[in-house]
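Encoded as structure tokens, the structure appears first; notes follow it.
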Amino acid sequence: MIFLVDGDNNIGTGLQGIDLLTEEDTVLVFFGKGQTLSNVKKLCAGTRAQVQYLESVKGGKNSLDFQIITELGVLVGRGEADFAYVISQDKGYEAAMSALHARYASTFREVALRPSIQDCLHAAFLLRSNTLEELSGALTRQFGPVQGQLAYDHLAALFAPAPEPELPAAPAEQKPAKAKKRRNRTKAEEPAPQPAQEAPQAEPAEATPAPKSRRSGASRRRKRAERAKTAEKAQ
């Protein structure tokens, strides 16, 4: 941010908040010709911002105002005034601000007239916060400990991620039935051993009559024939 401070218009009020700036900010202090800067430099001693002191080129009424507007126009034209503020309580700058907004609004984010540096930092505290702790501190510094905490809680609730919809519970998997453990039987419960059954004896097979020999039959016939001859002779 760039601050163009009007040294002819209540500069003590205009420099309020300069101690809150960072090394990325620039303060241009415009002072009248022959004006002493000892008190001004004391007011700027505690800042980390880059401070430049620009003396008016010519004396006379409104000469410093024209120089400030000229410097602001150059910064806007070069694209170097993303956030540029004229610090003064002189309302005569408003016409120049309106002209810049009408013609060069696309070259900057904000160009405005403010009574003090502190009045330019309402959003800057929030924009420079990189963590939730820094954001909480910025809101506290801006609105006080009570209102700042309320603002932080409200913002945290607004930007909190939406809760994920609950998915229907999956059906419980049926566990396989466990095999029943066989209860160890005591000796009294064990069944008495059964006597071993004898294998049934096979019945003796019927004796197969031996086949009659042909030779023994012929011998009997011969004997009968001999007995018959003997009987005939006896007669």
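Quick caveat, the model's predicted, so the values are computed rather than measured. Residue numbers start at 1 and run along the sequence shown. What's counted below: heavy atoms across the whole structure, side chains too, no hydrogens, waters or symmetry copies.
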Do you know the tightest heavy-atom contact between P115 and I87? O-CG2, 3.8 Å
Say whether L28 and M97 are linked into one hydrophobic cluster, either directly or through other cluster members, by side-chain heavy-atom distances under 4.5 angstrom. yes
Should I68 and V111 be regarded as members of a common hydrophobic cluster, given that ILVMFWY residues are connected when their side-chain heavy atoms come within less than 4.5 Å of each other, either directly or indirectly? yes
Between atom CD1 of I11 and atom OG of S116, what is the distance when rounded to the nearest 0.5 Å? 12.5 Å
Can you name the nearest heavy-atom pair linking V51 to T47, along with the distance? CG2-CG2, 3.8 Å
I need the minimum non-hydrogen distance between A81 and I2, along with the two atoms involved. CA-CD1, 4.5 Å
Would a hydrophobic clustering, with Ile, Leu, Val, Met, Phe, Trp and Tyr connected at side-chain separations under 4.5 Å, put V86 with Y104? yes
What distance separates I69 CD1 from L64 CG, expressed to the nearest 0.5 Å? 11.0 Å
Please check this pair: side chain of D153 against backbone of L150, looking for a donor-acceptor N/O pair closer than 3.5 Å. no
Around Y53, counting heavy atoms of other residues, nucleotides and ligands shown, do more than 12 lie under 6.0 Å from its OH? yes
Pairwise distance CG(L132) to OH(Y152) - rounded to 0.5 angstrom: 4.0 Å
So, the side chain of T140 versus the backbone of S136: is there a donor-acceptor pair under 3.5 Å, distance only? yes
Rounded distance [0.5 Å steps], CG in L72 versus CD in Q67: 12.5 Å
Fit a plane to each ring of F108 and H101, take the angle between them on a 0 to 90° scale, and name the class: parallel (under 30°), tilted (30 to 60°) or perpendicular (over 60°). perpendicular
Tell me, do V40 and V5 make a side-chain contact under 4.5 Å, heavy atoms counted? no
Restricting to non-hydrogen atoms, name the atom on S88 and the atom on D6 that form the minimum distance, rounded to 0.1 Å. OG-OD2, 3.2 Å
Decide yes or no on side chain to side chain contact (heavy atoms under 4.5 Å, CB included) for L21 and F3, but give the supporting numbers first. CA-CA 10 Å; L21 302 181; F3 303 89; 3.7 Å; yes
What distance separates L139 CG from Q147 CD, expressed to the nearest 0.5 Å? 11.0 Å
Can you see which heavy atom on R114 is nearest to which on C120, and at what distance? CG-SG, 3.3 Å
Is there a chain of hydrophobic side chains (I, L, V, M, F, W, Y, each step under 4.5 Å between heavy atoms) that links Y85 to V29? yes
With a 3.5 Å distance limit and no angle check, can you tell me whether E94 reaches the backbone of L113 through a side-chain donor-acceptor pair? no
More than 12 heavy atoms of other residues, nucleotides or ligands under 6.0 Å from CD of E24: is that the case? no
Same apolar cluster (I L V M F W Y, side chains within < 4.5 Å links), F66/V76: no
If you define the side chain from C-beta out and look only at heavy atoms, does anything of K58 sit under 4.5 Å from K33? no
Quick one: CG on D65 to OH on Y93, what's the gap to the nearest 0.5 Å? 3.5 Å
Could you tell me which non-hydrogen atom of Q35 sits nearest to which non-hydrogen atom of G32, and how far apart they are? OE1-N, 2.9 Å
